[in-house]
Number of protein chains: 2
Amino acid sequence: MNLKDLAALLGLSQTTVSRALNGYPEVSEATRQRVAAAAEKHSYRPNTRAKGLATGRAMAIGHVIPISAQHEMVNPVFGDFIAGAGEAYAAAGYDMVLSLVQDNQEERVYRDMFAKGNVDGIVVHAPEMRDRRIALLLEIGLPFAVHGRASEITTPYNWLDVNNKSAFQRATDFLIDLGHRRIALLNGLETMDFAHRRRAGYVEALLSRDLAVDPQLMRSEEMTETYGYQAVRQMMKLAEPPTAYLVSSMISAIGVRRAIHDAGLVMGRDISVITHDDDLSYLRNGDDVALFTATRSSVRDAGRQLAQILIEQISDPQHAPRTKLLEADLTVGRSTGANTQGR
Amino acid sequence: MNLKDLAALLGLSQTTVSRALNGYPEVSEATRQRVAAAAEKHSYRPNTRAKGLATGRAMAIGHVIPISAQHEMVNPVFGDFIAGAGEAYAAAGYDMVLSLVQDNQEERVYRDMFAKGNVDGIVVHAPEMRDRRIALLLEIGLPFAVHGRASEITTPYNWLDVNNKSAFQRATDFLIDLGHRRIALLNGLETMDFAHRRRAGYVEALLSRDLAVDPQLMRSEEMTETYGYQAVRQMMKLAEPPTAYLVSSMISAIGVRRAIHDAGLVMGRDISVITHDDDLSYLRNGDDVALFTATRSSVRDAGRQLAQILIEQISDPQHAPRTKLLEADLTVGRSTGANTQGR
DNA sequence: GTGAAAGCGCTAACAC
DNA sequence: GTGTTAGCGCTTTCAC
């Protein structure tokens with residue numbers, strides 16, 4: 001059932017039917033009712049492509065996920081973010097188009113997306129500190145919003161980020177409170193903006209408590225399981241090994257737990273581990289458990305909010321860029337399920 | 001730059017340019033070269049919507065992810081699957097459209113996708129044993145492929161599945177070999193096909209070793225962290241608590257590990273845990289570690305293969321449905337990183 | 001308040 | 001081997 005059929009069926013012109021369906025004021029109320037009823041009855045759905053061709057809008061948003069050939073890994077919370085964004089799109093009538101891109105081909109992909117006209121805007125994931133995509137998108141004039149930030153880029157643009165610095169500062173602080181003096185940081189690649197900020201938080205916490213920043217206790221790599229495993233193995237051989245680990249990713253944390261397990265140590269008794277993007281952390285000191293709930297429901301919420309920002313930008317391109325900084329939920333409490341004391 | 005411009009620029013008709021670009025044989029080699037060069041130079045990209053309108057093909061595949069309001073959770077390996085599928089689509093020139101759908105509205109969404117014509121085919125995720133979507137899609141004639149199977153549906157259709165039954169059978173068997181006699185199964189919802197098959201494998205392994213199947217040791221629920229936590233807490237109160245846990249999801253496993261930790265027990269010493277979709281399992285008996293590598297790289301590969309199946313179906317609708325059963329990689333070895341002994 | 005007709009950018013008969 | 005023309009399904013100007 002297309003517009004032509006529907007119009008014929010009603011004895012009206014396509015124009016009138018189209019107007020009725022799209023809420024144009026000049027259609028009489030009676031006609032509008034008739035049209036609406038018929039459309040409903042035959043479950044008429046306007047063809048997206050035809051509509052897009054005519055209006056010049058795609059009614060779709062692109063998400064571009066960089067995948068490098070070497071470390072082909074998808075962030076496990078990615079699905080949650082997408083789910084949140086998807087909700088916002090569905091509510092606003094947008095489709096979501098996913099593109100996985102070799103990170104050396106990004107520029108071409110962005111330009112193509114624009115030229116092929118199959119998206120009205122783009123969400124940029126995993127920005128680096130001096131991310132080149134931002135300048136590129138501004139240049140070609142494709143509306144976009146960034147999940148995260150690029151610290152070294154000063155031009156205004158839409159972004160939404162979790163406060164990674166304060167999250168890691170608070171976590172480090174908490175470990176110090178528990179009595180730890182040798183705290184290791186297993187960070188992601190510090191060309192990535194989030195990783196850079198996390199280290200800043202960690203360092204600041206140490207310094208403000210007059211603790212030394214020991215380069216031997218800091219690692220920055222692609223966040224694989226092997227990385228976590230190897231890093232712990234090596235650090236354990238130090239003259240003064242760490243008593244606590246702050247881990248940037250739940251994937252590396254798997255390796256960390258394995259290494260600890262291999263060494264015959266017990267997490268939460270001999271050693272403390274706090275993991276970002278994970279709901280469980282192991283801490284010395286009795287029953288205390290720190291929960292970094294930057295994951296799941298809050299990531300989902302972030303997706304929803306960022307999508308909303310982009311949708312607004314698209315419908316009002318004149319509007320100044322919006323930015324939003326969310327605080328990570330680092331909750332500390334007894335591990336009875338209910339988390340009591342916020343921190 | 002559109003076709004019209006490009007044609008004018010070359011002093012050719014749109015038709016000829018179009019033909020040259022799309023590899024039609026009747027174009028002279030000289031012209032083809034000229035056209036290709038000009039297209040390249042001005043980085044001409046045909047408009048997707050216009051092309052789609054003219055050809056009747058969307059050059060896009062839809063992935064529909066059911067999200068229920070209560071348990072709004074995305075499987076963490078989802079991203080890996082999507083990444084694999086994305087590779088196959090990119091290679092074949094397809095876009096990937098993601099739709100998140102409240103599970104009570106699925107029928108409408110499928111019908112709409114078809115009517116709006118913005119996808120050429122659909123990937124169905126997370127099928128139930130008697131999934132209604134399959135009959136629906138067959139009825140409306142939209143090509144599709146299922147990630148998983150629906151046991152109770154006999155009509156042929158395209159699917160790709162991991163052999164969940166044998167995976168859980170082997171895992172259970174392995175735990176029995178380690179000396180365990182009380183093995184708990186924390187399964188997903190058994191209306192889901194994969195969960196049903198996993199239980200079958202577990203039960204079969206117990207029976208073939210003359211062990212009792214104790215209903216008190218079997219749970220079937222939505223795979224949340226809380227579920228894992230509560231289940232372990234309760235089972236520990238049994239007169240004869242389990243000494244090993246077989247956990248269907250890495251998310252529930254987080255809760256399981258927390259409960260074990262809370263109880264003052266040590267994983268891999270006091271108790272064994274094998275988790276599907278996770279790369280780490282804790283086992284009693286020294287250094288042995290069982291790795292269910294049904295995750296990450298293999299899930300990604302599954303995505304790639306399923307996408308390929310769907311693409312073939314679309315390009316040759318007459319062809320009989322294809323099916324593919326993958327074996328899960330349950331590797332058992334010393335936890336030194338390199339996994340030796342396959343099992 | 002309604003309709004006719006042009007056009008969005010492309011492909012595909014059909015003609016030459 | 002190349003061009004003319006119609007048409008995909010919709011919106012939108014313009015006329016009535």
Side-chain angles (χ1 to χ4, degrees), chain A residues 1-36 38-39 42-60 93-95 112-120 315, chain B residues 1-36 38-39 42-60 93-95 112-120 315:
Chain A
M1 169 70 51
N2 59 24
L3 187 63
K4 194 172 170 184
D5 298 342
L6 189 61
L9 209 120
L10 285 160
L12 288 170
S13 72
Q14 295 188 35
T15 315
T16 303
V17 176
S18 171
R19 281 200 273 240
L21 257 20
N22 290 300
Y24 282 64
E26 61 262 43
V27 182
S28 81
E29 198 47 37
T31 319
R32 188 186 307 284
Q33 300 285 352
R34 268 184 67 216
V35 172
H42 300 89
S43 58
Y44 164 72
R45 299 284 177 277
N47 181 298
T48 316
R49 293 188 302 268
K51 192 162 186 163
L53 233 204
T55 56
R57 303 187 53 184
M59 290 312 282
Y94 282 88
D95 281 333
D112 286 5
M113 280 208 155
F114 183 65
K116 295 195 302 179
N118 48 182
V119 296
D120 297 321
S315 50
Chain B
M1 170 69 52
N2 58 24
L3 187 62
K4 194 171 169 186
D5 299 341
L6 189 62
L9 208 119
L10 285 160
L12 289 169
S13 73
Q14 296 188 34
T15 315
T16 303
V17 176
S18 170
R19 282 199 273 239
L21 258 19
N22 291 301
Y24 281 66
E26 61 262 42
V27 182
S28 80
E29 198 47 36
T31 317
R32 188 187 306 284
Q33 300 284 352
R34 268 184 67 215
V35 172
H42 300 91
S43 57
Y44 164 72
R45 299 284 178 279
N47 182 297
T48 316
R49 294 188 301 267
K51 193 163 184 161
L53 234 205
T55 57
R57 302 186 53 184
M59 290 312 282
Y94 282 88
D95 282 333
D112 285 4
M113 281 207 156
F114 183 66
K116 295 195 303 181
N118 49 180
V119 296
D120 297 321
S315 50

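Letters go in sequence order (proteins before strands), and every chain restarts at 1.
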Atom OH of B/Y24 to atom P of C/dA12: distance rounded to whole Å? 4 Å
What nucleotide among D/dT11, C/dG3, C/dC10 has an atom nearest to a side-chain atom of B/L3? C/dC10
If only side-chain N and O atoms of B/S13 are considered, is one of them under 4.0 Å from the OP1 or OP2 phosphate oxygen of D/dG3? yes
When the distance from CD of B/E29 to C1' of D/dT2 is rounded to whole Å, what number comes out? 16 Å
A/R19 has an atom CZ; how far is it from atom C1' of D/dA15, in whole Å? 11 Å
Quick check: closest heavy atoms across A/N2 and A/Y44, and the distance to 0.1 Å? C-CE1, 3.6 Å
Heavy atoms of A/L10 and A/A38 approach each other most closely as CD2-CB, 3.8 Å
Taking OP1 and OP2 of D/dT11, is either one under 4.0 Å from a side-chain nitrogen or oxygen of A/T55? no
Of all the heavy-atom pairs spanning B/T48 and B/A58, show the shortest one and how long it is. CG2-O, 4.5 Å
Rounded to the nearest angstrom, tell me the gap between atom NZ in A/K4 and atom P in C/dA4. 13 Å
Do the side-chain N or O atoms of A/T31 get closer than 4.0 angstrom to the phosphate oxygens (OP1, OP2) of C/dT2? yes
Of C/dT11, D/dT2, D/dC10, the nucleotide closest to the side chain of B/S28 is D/dT2
Does C/dT11 have OP1 or OP2 under 4.0 Å away from a side-chain N or O of B/S18? yes
Test for a donor-acceptor pair under 3.5 Å between the base of D/dT12 and the side chain of A/T15, counting only N and O atoms. yes
Output the rounded distance in Å from CG (A/L6) to P (D/dT11). 12 Å
Expressed in angstrom and rounded to an integer, what is the separation of B/E26 atom CD from C/dC16 atom P? 17 Å
Tell me: CZ of B/R57 to P of D/dG9, nearest whole Å? 16 Å
OP1 or OP2 of D/dT11 sitting under 4.0 Å from any side-chain N/O of A/N22? yes
Could you tell me which non-hydrogen atom of A/M59 sits nearest to which non-hydrogen atom of A/D120, and how far apart they are? N-OD2, 2.6 Å
Find which nucleotide of DNA chain D each of B/G11 and B/A50 is nearest to by heavy atoms, and output the residue with the more 5' nucleotide. B/G11
Regarding the side chain of B/P46, the nearest nucleotide among D/dG1, D/dC10, C/dC10 is C/dC10
With no hydrogens and no angle check, do the side chains of A/R32 and A/Y24 hold a donor and an acceptor under 3.5 Å apart? no
Starting at atom OH of A/Y44, determine the distance to atom P of D/dG9, rounded to an integer number of angstrom. 10 Å
